[in-house]
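Single-structure report; data block below.
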Amino acid sequence: MAKFKGAIVVDIDRCKGCEVCIGACPHDVIGMSSEVNIKGYKYSYMVNPESCVGCANCAVVCPDGVITVYRKRIEQ
Amino acid sequence: MKEEVLSDIINVENLVYKKTPLMTDNILSYCPGCGHGTAHRITMEVLEELGVWKDTIGIAPVGCSVLAYEFMNVDMQQAAHGRAPALATGIKRCWPHKVVFTYQGDGDLAAIGTAETIHACNRGENIVIIFVNNGIYGMTGGQMAPTTLPGMKSSTSPYGRDVHIMGNPLKITELVAELPGVRSVTRQAVHTPGNVRKAKRAIRKAFENQLKYKEGLNFVEIVSNCNSGWKMTPVHSNKWMEENMFPYFPLGDIKVDGEIVNK
Amino acid sequence: MGELKLMKGNEAIAEAAIRAGVDAYFGYPITPQSEVIEYLMAEKPYETTGMVVLQAESEVAAINMVYGAAGTGKKAMTSSSSPGISLKQEGISYMAGAELPCVIVNVVRGGPGLGTIQPSQADYFQAVKGGGHGDYHMIVLAPASVQEMADFVTKGFDLAFKYRTPVMILSDGLIGQMMEKVIMPEHTPRWTDEEIIEKWPWATTGKPGSRERNIITSLDLDSGRQEQHNIHLQKKYKEIHENEIEFEEFMCDDADYLFVAYGSSARIAQKAIKLGREKGIKAGLLRPITLYPFPAEAIHRLAKQVKGILSLELSAGQMVEDIRLSVGCDIKVEHFGRMGGIIHSPAEALQALEDKIIGG
C-alpha cells in the first residue's frame with residue numbers, strides 16, 4: 001500500500017498565529033511556537049512532523065496563505 | 001523527523017500547495033484568522049485556474065476589504081461604499097468580454113449599497129458578486145450591520161440587536177435569488193478545509209457561468225467570522241459562527257441555473 | 001462640413017455625444033434634462049456606434065457607473081439637474097481623487113432642496129468650488145447656446161483626458177430646453193479597445209503579463225503619500241489655470257461699465273447692453289466660458305478700465321465673489337439676479353446696472 005509523507009513550510013513572518021490550521025490538521029501535526037515572529041505573533045510549525053501526510057488542509061484554510069505543502073509517495 | 005528526510009520531502013517536485021501568484025506578497029491587512037484572506041485567495045486561485053486573470057477587472061469595496069487591490073494581483077478599481085455593483089456595471093457594459101467581479105462586505109452590499117446590489121442583480125449584469133457576510137462593520141470598529149443577528153452585541157447594539165427597534169437581519173442573498181436577472185446564488189463558508197474547497201468550487205462555477213452565459217449575475221455569499229468585532233479568538237469565532245450564524249444564514253446553493261433550489 | 005439642425009440644448013448634448021465617439025452614457029431622469037437620455041434611447045447608438053446607454057436606478061448609481069467605465073479608459077458621461085448633481089458629488093469626488101476623465105452635464109434648476117424645475121444658475125459654488133468632499137476642482141464649461149452645448153461635449157472630453165479630470169458642462173434649464181439651430185460635428189469614431197490600451201496605460205483593461213496591475217483608487221492611508229497626491233492635484237489645477245481659461249468679450253473696448261455673466265445670463269446681458277447703448281450707457285460684457293479656471297486676469301484688466309461691474313446671475317450672487325477677488329482695485333462690484341426659476345429680463349438687468357452701479 002502506498003503511503004504519503006508530507007511536510008509544511010510556514011512563512012514565519014507572515015503567520016498571524018490564528019491557530020485555525022491546528023484544528024484543520026487531521027493528524028495533530030501543527031503546534032504554536034513559543035517564540036514570536038517579527039510582528040509579535042506566535043507562529044505555527046510542525047510539532048509532530050512524522051505524522052504529516054501532506055493533505056494541505058492547513059494551507060487551504062490558512063487565511064494568510066503562509067503555508068506551503070509538500071507530499072511524497074513512499075512505497076511500502 | 002531527521003533533517004535529511006524533511007529535505008527529501010520539501011522539494012519542488014513534491015509541491016502540492018503554494019499560495020497563488022495572483023495573490024501579491026503584501027501582508028494581508030486583516031486580523032488573525034479573518035476569513036477575508038481565504039476568500040481572496042480562493043477567488044484568485046479560480047481566476048488562475050480558469051486562465052482569465054489577464055482579462056479580469058475586480059472591484060474593491062469600502063470596509064475591511066477596501067484594500068483588496070493590494071492583495072489581488074489583477075487590475076482593480078476601488079469603489080465608494082456600496083457602489084461596487086454600479087462600477088462593475090459601467091465596466092462590464094464597456095468591456096463585455098472582460099471578466100468582472102465585485103468583492104463586498106455586508107455593510108457595503110446589504111446596507112448602503114442595497115439599491116446598487118438589487119438593481120445590478122435585477123438587470124442581470126453579467127458579473128460575479130462575492131459577498132462576505134460577517135454580521136458586523138469590521139473596519140469601523142464593530143458596529144451593527146444589516147446582517148447582525150437578533151440579540152447579537154455590537155458597538156451600536158451594545159445590549160444586543162433588538163429587532164423591534166433595529167429591525168431584523170437582512171437576508172439579501174435570498175432576496176436577490178428571487179430576481180430573474182440572477183443566474184446562480186449560493187452561500188458558503190471558508191473556516192474549515194472542506195468548506196474552503198466547496199466555496200472555491202462555488203466561486204469557480206460563478207465565474208464559469210459568467211464566461212459561458214453572456215447574461216445573468218452570479219452571486220456567492222461567504223458567511224465569515226469577525227473575531228475582532230465579535231471579540232473572540234479566531235478558533236472560537238469559527239465555532240460561534242457555526243452555532244449562531246449558520247442557522248440564520250444556512251449554507252448551500254439557493255439558486256442554480258436560474259432555478260431556486262432551496263428556499 | 002457639419003450638419004445644420006434645429007434642436008433643444010439637451011438633445012444637442014445627446015446627439016453631440018453620439019457623434020463625439022462617446023463610449024457610454026449613464027443617466028437618470030430629472031427635469032429639466034430628461035431629453036438627454038430620452039434622445040439617446042430613441043437614437044439607439046448602441047446599434048450604430050456601439051455607445052452604451054443605460055438608465056441607472058439613481059443618480060448615485062449613474063455616476064458610479066461612469067466611475068467604473070472611466071476607470072477602463074472609455075469616454076463616459078452622465079447628465080442630471082441640480083438635486084441629481086448633489087447626489088453625484090460622491091462619485092465626482094472619487095473621480096477627481098482617482099484622476100479619471102469624464103463629462104458631467106448639469107442642466108441647473110432652482111434650489112435649494114427640490115426647489116423648482118425652472119432655470120437657475122445657483123449651482124455655481126457647487127460646480128467651481130468643489131461640490132464634493134476634499135481639495136479638488138473640476139474644469140467647468142458654461143455653454144451659452146445650443147451650439148455650445150454640442151461643441152462642449154468634444155471639448156469636455158478633450159480636456160478631461162488631457163488632464164485626467166472630471167469636466168462639468170454647467171448649463172441651465174433655459175439652454176437645455178430652448179431650441180436653436182446648431183451645426184452638428186462630423187462623426188468621430190469611438191476609440192477601439194486596442195487604441196484605449198495603447199493610449200491610456202493607467203486604465204483597468206485587464207493585466208497582461210507585461211505590466212504591473214493597474215489600480216484605480218482615491219485611497220491612500222499613508223498621510224505622506226496622500227499629501228503628495230494632493231500636491232500633485234494642485235499642480236494639475238495650476239496647469240489648467242495657465243492653459244485653459246476661456247472667455248468672450250462683447251463691446252468691452254469702449255465700455256464704462258461691465259457685465260460679467262455666463263450661460264443664459266450672458267445672452268440677457270448682451271441684450272441689456274444694446275438697450276443701454278440706445279440710452280447712451282456704454283456697457284460691455286465679459287462672458288466666462290470656463291468658470292473653472294476662472295478668467296480672473298481678464299476681469300482684473302477690465303476693472304482698470306470700467307467704473308463698475310455688475311455680475312448678472314440667476315442666483316443670489318455666487319460668481320460675484322470670484323469677480324470681487326479678481327478686480328484688485330477699488331471699483332464697485334455688485335450682483336443682480338432673479339431666483340427660484342425666474343429669468344431676469346434685459347430691461348431688469350439694465351435697470352440694475354443703473355441702480356446698483358451707475359447711480360449707486
Side-chain angles (χ1 to χ4, degrees), chain B residues 21-24 26 29 44 47 52-62 66-100 102 112-123 125 127 139, chain C residues 22-26 46 50-76 78 89-95 97-98 100 102 132 190 193 196-197 202-221:
Chain B
L22 287 192
M23 286 295 285
T24 67
N26 295 329
S29 51
M44 291 299 107
L47 294 176
V52 295
W53 55 276
K54 287 181 182 174
D55 288 307
T56 297
I57 301 159
I59 317 293
V62 167
V66 66
L67 292 171
Y69 57 78
E70 293 285 346
F71 315 122
M72 297 179 174
N73 198 6
V74 294
D75 275 4
M76 296 280 290
Q77 185 166 359
Q78 197 284 315
H81 205 191
R83 316 297 176 223
L87 269 71
T89 299
I91 294 169
K92 186 71 182 188
R93 295 274 177 150
C94 282
W95 294 85
H97 305 300
K98 300 288 174 184
V99 175
V100 178
T102 73
I112 193 166
T114 309
E116 285 78 6
T117 302
I118 297 226
H119 285 277
C121 287
N122 195 46
R123 285 191 303 266
E125 297 296 340
I127 60 172
M139 187 181 68
Chain C
V22 171
D23 294 298
Y25 171 92
F26 302 100
Y46 38 88
M51 176 184 180
V52 172
V53 185
L54 187 62
Q55 181 170 331
E57 62 271 28
S58 67
E59 286 93 345
V60 176
I63 193 72
N64 281 286
M65 290 172 186
V66 170
Y67 179 36
T72 67
K74 297 268 180 172
K75 285 185 188 169
T78 185
Q89 294 303 324
E90 172 190 78
I92 295 172
S93 173
Y94 273 68
M95 274 188 277
L100 292 185
C102 71
R190 288 171 51 237
D193 291 352
I196 287 170
I197 291 166
W202 46 263
T204 50
T205 51
K207 173 198 177 308
S210 54
R211 68 157 164 82
E212 293 295 301
R213 71 194 186 285
N214 281 340
I215 298 166
I216 302 286
T217 183
S218 57
L219 177 75
D220 199 328
L221 293 169

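Ranked by heavy-atom pairs under 4.5 Å with chain C, the list B:T56, B:I118, B:V100, B:N73 is led by B:N73. Taking chain B as the reference chain and counting heavy-atom pairs below 4.5 Å, the highest number among C:L221, C:I196, C:L219 is found for C:L219.
Minimum interatomic distance between B:I91 and C:G68 (heavy atoms only, all atoms of both residues): CG1-O, 3.2 Å. The two atoms that bring B:G90 and C:F26 nearest to each other are CA-CZ, 3.8 Å, heavy atoms only. Annotation for B:T89 and C:L54: closest pair CG2-CD2, 3.6 Å, computed over non-hydrogen atoms. Closest approach of B:C94 to C:A24, counting heavy atoms only: SG-CB, 3.7 Å. The shortest heavy-atom contact between B:R83 and C:E90 is NE-OE1, 2.8 Å. Annotation for B:K98 and C:T205: closest pair NZ-O, 2.7 Å, computed over non-hydrogen atoms.
Once rounded to the nearest 0.5 Å, the distance linking OH of B:Y69 with CZ of C:R213 reads 9.5 Å. Taken to the nearest 0.5 Å, the NZ atom of C:K207 stands 13.5 Å off from the CE atom of B:M76. Remark: B:Q77 CD to C:T217 OG1 distance equals 8.5 Å, nearest 0.5 Å. Separating the NE2 atom in B:H81 from the OH atom in C:Y94 is a distance of 8.5 Å, to the nearest 0.5 Å. Annotation: the span from C:E57 atom CD to B:T114 atom OG1 amounts to 11.0 Å, rounded to 0.5 Å. B:D75 contributes atom CG, which lies 4.0 Å from atom CZ of C:R211 (distance to the nearest 0.5 angstrom).
Looking at B:I59, there are no atoms closer than 4.5 Å to chain C (heavy atoms on both sides), in backbone or side chain. For a residue to count as touching a neighbouring chain, one of its non-hydrogen atoms must lie under 4.5 Å from one of that chain's; by this rule B:A79 touches chain C with the backbone only. Heavy atoms closer than 4.5 Å to chain B are found in the backbone of C:A203, but not in its side chain. Interface remark: C:A76 contributes no atoms to any contact with chain B (heavy atom separation under 4.5 Å).
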